[in-house]
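Notes for the one structure printed next.
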Amino acid sequence: MDCLILLLARGGGLGLAPKAPGTVGTLGGFPLTALLLVPGNFWIYLAGCAALVPLSAWICGEAERILDCEDPGEVVFDEIIAVPMCFLGVFALMTFQGEGMPSVQSVLAMPWTWVWALAGFGLFRLFDIWKPGPIDRAQSFRKGWGVTMDDVLAGLLTGVILGGVYFGCLLYTSDAADE
């Protein structure tokens with residue numbers, strides 16, 4: 001069982017990257033985001049994000065126990081589960097502004113997908129490394145919750161910012177169409 005926990009905690013090996021394992025591990029969040037998009041339902045996407053938080057706390061806590069180390073760099077499951085949260089704001093606006101929840105295919109077909117993905121990746125890594133305000137304080141939680149919650153908060157902050165930018169884009173294109 002310990003081997004399976006470490007396999008998951010290390011993101012299938014992404015966390016074993018010799019340089020910047022957290023950054024490399026973050027890349028594993030993009031396939032997870034795609035998987036959560038498969039049902040094409042915002043509420044399922046949100047429930048998936050929420051369900052992954054306690055799972056991550058348990059896996060990361062167990063990995064800390066197995067490795068006998070607090071917040072080991074090779075444990076990247078927390079980064080992986082936080083990436084879908086980076087896009088919650090955008091997907092919520094798409095859903096509630098009438099566009100609907102996008103499918104994996106429609107996201108991949110959007111002309112600026114790579115810009116949104118890069119922005120989400122960059123902002124998330126910035127907040128995960130910098131740890132402003134409550135993100136830093138969340139690390140004091142015990143039993144894997146500290147490992148997980150700083151990434152969850154970094155992902156949610158990224159989601160708020162990307163959602164705000166997306167909303168601004170909606171307003172801009174709406175105003176431009178009215179002229």
Side-chain angles (χ1 to χ4, degrees), residues 1 4-12 14-15 22 25-64 71 75-110 112-113 116-125 127-128 131 133-135 137-139 141-167 169-170:
M1 184 69 163
L4 177 60
I5 289 169
L6 288 178
L7 180 68
L8 291 170
R10 292 172 173 155
L14 293 172
T26 299
L27 296 173
F30 288 98
L32 177 60
T33 302
L35 181 66
L36 291 173
L37 283 171
V38 168
N41 182 298
F42 176 75
W43 300 109
I44 293 173
Y45 186 92
L46 181 63
C49 288
L52 287 167
V53 174
L55 177 64
S56 175
W58 181 76
I59 287 172
C60 294
E62 286 297 297
E64 284 183 312
D71 199 1
V75 172
V76 296
F77 192 75
D78 50 325
E79 276 90 3
I80 292 169
I81 67 107
V83 170
M85 296 173 198
C86 295
F87 305 102
L88 272 171
V90 173
F91 294 152
L93 284 167
M94 286 177 152
T95 299
F96 300 116
Q97 290 291 321
E99 294 174 60
M101 183 70 173
S103 66
V104 176
Q105 295 80 8
S106 66
V107 167
L108 293 175
M110 291 176 186
W112 294 97
T113 295
W116 288 102
L118 189 59
F121 179 84
L123 285 171
F124 173 71
R125 289 308 300 147
F127 296 137
D128 187 30
K131 299 188 188 316
I135 295 172
R137 287 191 289 281
Q139 284 194 294
F141 298 156
R142 297 187 173 268
K143 296 194 178 196
W145 285 100
V147 175
T148 297
M149 289 310 295
D150 70 310
D151 293 281
V152 167
L153 293 176
L156 291 173
L157 179 56
T158 299
V160 167
I161 292 169
L162 290 182
V165 171
Y166 185 78
F167 185 71
C169 291
L170 288 175

Counting C-beta onward and ignoring hydrogens, is there a side-chain heavy-atom pair between [X] and [Y] closer than 4.5 Å?
{"X": "Thr26", "Y": "Leu14", "value": "no"}
{"X": "Val107", "Y": "Met94", "value": "no"}
{"X": "Trp145", "Y": "Pro54", "value": "yes"}
{"X": "Met101", "Y": "Asn41", "value": "no"}
{"X": "Leu36", "Y": "Ile44", "value": "no"}
{"X": "Leu162", "Y": "Leu123", "value": "yes"}
{"X": "Phe141", "Y": "Thr148", "value": "no"}

What pair of heavy atoms forms the shortest contact from [X] to [Y], and how long is it?
{"X": "Ile81", "Y": "Val53", "result": "CD1-CA, 4.3 Å"}
{"X": "Pro31", "Y": "Gly28", "result": "CD-O, 3.3 Å"}
{"X": "Ile80", "Y": "Leu32", "result": "O-CD2, 3.6 Å"}
{"X": "Gly11", "Y": "Val76", "result": "N-CG2, 3.8 Å"}
{"X": "Tyr45", "Y": "Pro84", "result": "OH-O, 2.7 Å"}
{"X": "Ala63", "Y": "Ile5", "result": "N-CG2, 4.1 Å"}

Can you tell me how far the [atom1] atom of [X] sits from the [atom2] atom of [Y], to the nearest 0.5 Å?
{"X": "Glu79", "Y": "Arg125", "atom1": "CD", "atom2": "CZ", "result": "5.5 Å"}
{"X": "Thr158", "Y": "Leu88", "atom1": "OG1", "atom2": "CG", "result": "11.0 Å"}
{"X": "Leu153", "Y": "Ile135", "atom1": "CG", "atom2": "CD1", "result": "6.0 Å"}
{"X": "Leu93", "Y": "Glu99", "atom1": "CG", "atom2": "CD", "result": "8.5 Å"}
{"X": "Glu64", "Y": "Ile59", "atom1": "CD", "atom2": "CD1", "result": "13.0 Å"}
{"X": "Asp151", "Y": "Gln139", "atom1": "CG", "atom2": "CD", "result": "8.0 Å"}

**OP:** Would you sort out whether Phe87 and Phe30 count as a side chain to side chain contact (heavy atoms under 4.5 Å, CB included), showing the intermediate values?
**Re:** CA-CA 10 Å; Phe87 305 102; Phe30 288 98; 3.9 Å; yes
Original post:
Passes side chain to side chain contact (heavy atoms under 4.5 Å, CB included), Thr95 versus Trp43? Steps please.
Top reply: CA-CA 10 Å; Thr95 299; Trp43 300 109; 5.6 Å; no
**OP:** Check step by step if side chain to side chain contact (heavy atoms under 4.5 Å, CB included) holds for Leu8 and Glu62.
**Re:** CA-CA 11 Å; Leu8 291 170; Glu62 286 297 297; over 6 Å; no
**OP:** Could you point out which residue of Phe42, Phe91, Phe167, Tyr166 forms a ring-ring contact (aromatic ring centres under 6.0 Å, His included) with Phe96?
**Re:** Phe42
